[in-house]
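Some notes on the structure that comes next.
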Amino acid sequence: MSIIEVKDLVKEFVVVRKKTGLAGAVRSLVMPDKKIVKGVDGLSFNIEQGDIVGYIGPNGAGKSTTIKMLTGILHPTSGSIQVCGLSPQKERKAVVRQLGVVFGQRTQLYWDLRLGETFELLKRIYRIEDKKFKHTLDMLNDVLRIQDFIDTPVRQLSLGQRMRGDLAASMIHEPSVLFLDEPTIGLDADAKHAIRQFIKTMNRERRMTVFLTTHDLDDVEQLCSRLLVVNHGHIVEEGPLDTIVNKLAPSRLLVIELSEESQAPEHLRAQLVRQEGLKLWYQFDKAGITAAELIADLSGKLPIRDLSVQEPDIEDAIREVYRTTG
Ligand SMILES: Nc1ncnc2c1ncn2[C@@H]1O[C@H](COP(=O)(O)OP(=O)(O)OP(=O)(O)O)[C@@H](O)[C@H]1O
């Protein structure tokens, strides 16, 4: 059984269009002009335990709406969700014990409490015994280095410290699934690195399943074993990042620098697309020939001084998915 199962999920929001002016306001009250907005529209996917899945899509694609339904905050209009074999809507209390949730744009911490007091409060809410609590906090401190600011009120924490505090708080009750909605947004390079290390460690050592939404493709590259690309509320691509990029942008470039001027040879499975002075660019498809084979073929015919292989741009490939499914 998959740890998360989503089938034919739909979430409709009713939006009332406001009319302008006093007469318009009165008319809106008597006869509201209602419009249905589909936040999620026929969404289906499964996630296996221990996966780190990147859930990506353009603005307004339905990512946050999905996370809110998976964590029981929102009720679907139709369709079914199972998380750890439970319904987040019907068995919310039991599901919440299994989940950690972090929203990068909004803290879950108590603004007026010190970070350590927040952890104490969560300990009581989840009824965690002293020994286990101390053990988990020590482990979280090892990875997230929260000890330095554990006595600081949450309102005074920097964004990076707050984010580490949020992640620690989401892990206090040792959940089996962690939902992260843009966990690295606005963070500097060091803080991003720390958060990514934390996610990798929790996944490796505790087999924790991670469901991650992000607009930062470095998060995706460094963390995710699998991607779900959502657009207009349903899945438009899925699979490992490499597979998606290879499918959309199969060409690579071999850039060769010559030691002396030479006639560039033709090649059956690569195309000479550019030549400038001592520099040559050959375009080739990974499925047709490997870079090693092409280099071996050309090195006998050309005086090569230096070379490099340019992989396709991941952002371009992902933008292409959004464009073609938009
Ligand atoms: N409470 C709401 N009332 C009305 N419409 C909503 C509501 N919440 C979301 N929507 C609409 O549902 C769609 C999906 O929104 P959602 O916030 O899930 O997108 P997202 O993929 O998380 O976007 P972003 O990357 O910008 O955060 C959008 O069209 C949005 O306007």
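In each ligand, atom 1 is the first atom listed, and ligand 1 is the first ligand listed.
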Nitrogen or oxygen of [X] less than 3.5 angstrom from that of ligand 1:
X: G60; result: yes
X: A61; result: yes
X: G62; result: yes

Ionic contact status for R305 with E260, cut-off 4.0 Å: no

D181 and K63 ion-paired at < 4.0 Å: no

Where ligand 1 meets N59 - atom numbers and elements under 4.0 angstrom, heavy-atom basis: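 Ligand 1 atoms under the 4.0 Å threshold to N59: 23 (O), 24 (P), 25 (O), 26 (O).
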
Numbered atoms and elements of ligand 1 in range of H215, under 4.0 angstrom, heavy atoms: 25 (O)

Suppose we measure from [atom] to each protein heavy atom; which comes out shortest, and what is that distance?
atom: atom 12 (O) of ligand 1; result: G39 CA, 3.4 Å
atom: atom 2 (C) of ligand 1; result: F13 CD2, 3.4 Å
atom: atom 11 (C) of ligand 1; result: V37 CG1, 3.9 Å
atom: atom 16 (P) of ligand 1; result: T65 OG1, 3.5 Å
atom: atom 17 (O) of ligand 1; result: S64 CB, 3.8 Å

T118 and its side chain to side chain contact (heavy atoms under 4.5 Å, CB included) partner, picked from D166, I150, L109: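 Result for side chain to side chain contact (heavy atoms under 4.5 Å, CB included) with T118: L109.
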
Between H267 and D297, a side-chain donor and acceptor under 3.5 Å: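 Judged by distance alone, the side chains do pair up.
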
NZ or CZ of K123 within 45° of Y126 ring axis and under 6.0 Å: no

ILVMFWY network linking V101 to L115, side-chain heavy atoms under 4.5 angstrom: no

Check: K11 and D41 side chains under 4.5 Å, non-hydrogen atoms: no

Non-hydrogen side-chain atoms of V255 and L280 separated by less than 4.5 Å: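 No - every pair of side-chain heavy atoms lies 4.5 Å or more apart.
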
Pair Y110-L121, side chain to side chain contact (heavy atoms under 4.5 Å, CB included): steps then yes or no: CA-CA 10 Å; Y110 299 92; L121 192 64; 3.4 Å; yes

Any protein heavy atom < 4.0 Å from atom 6 (C) of ligand 1: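 Given the 4.0 Å cut-off, atom 6 (C) of ligand 1 counts as touching protein heavy atoms.
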
Atom 31 (O) of ligand 1 protein-contacted (non-hydrogen atom, under 4.0 angstrom):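 Within 4.0 Å of atom 31 (O) of ligand 1, no protein heavy atoms are found.
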
Closest to atom 21 (O) of ligand 1 among E12, K63, M69 (heavy-atom distance):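 Heavy atom nearest to atom 21 (O) of ligand 1 belongs to K63.
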
Residue part near ligand 1, for V15, under 4.0 Å between non-hydrogen atoms: side chain

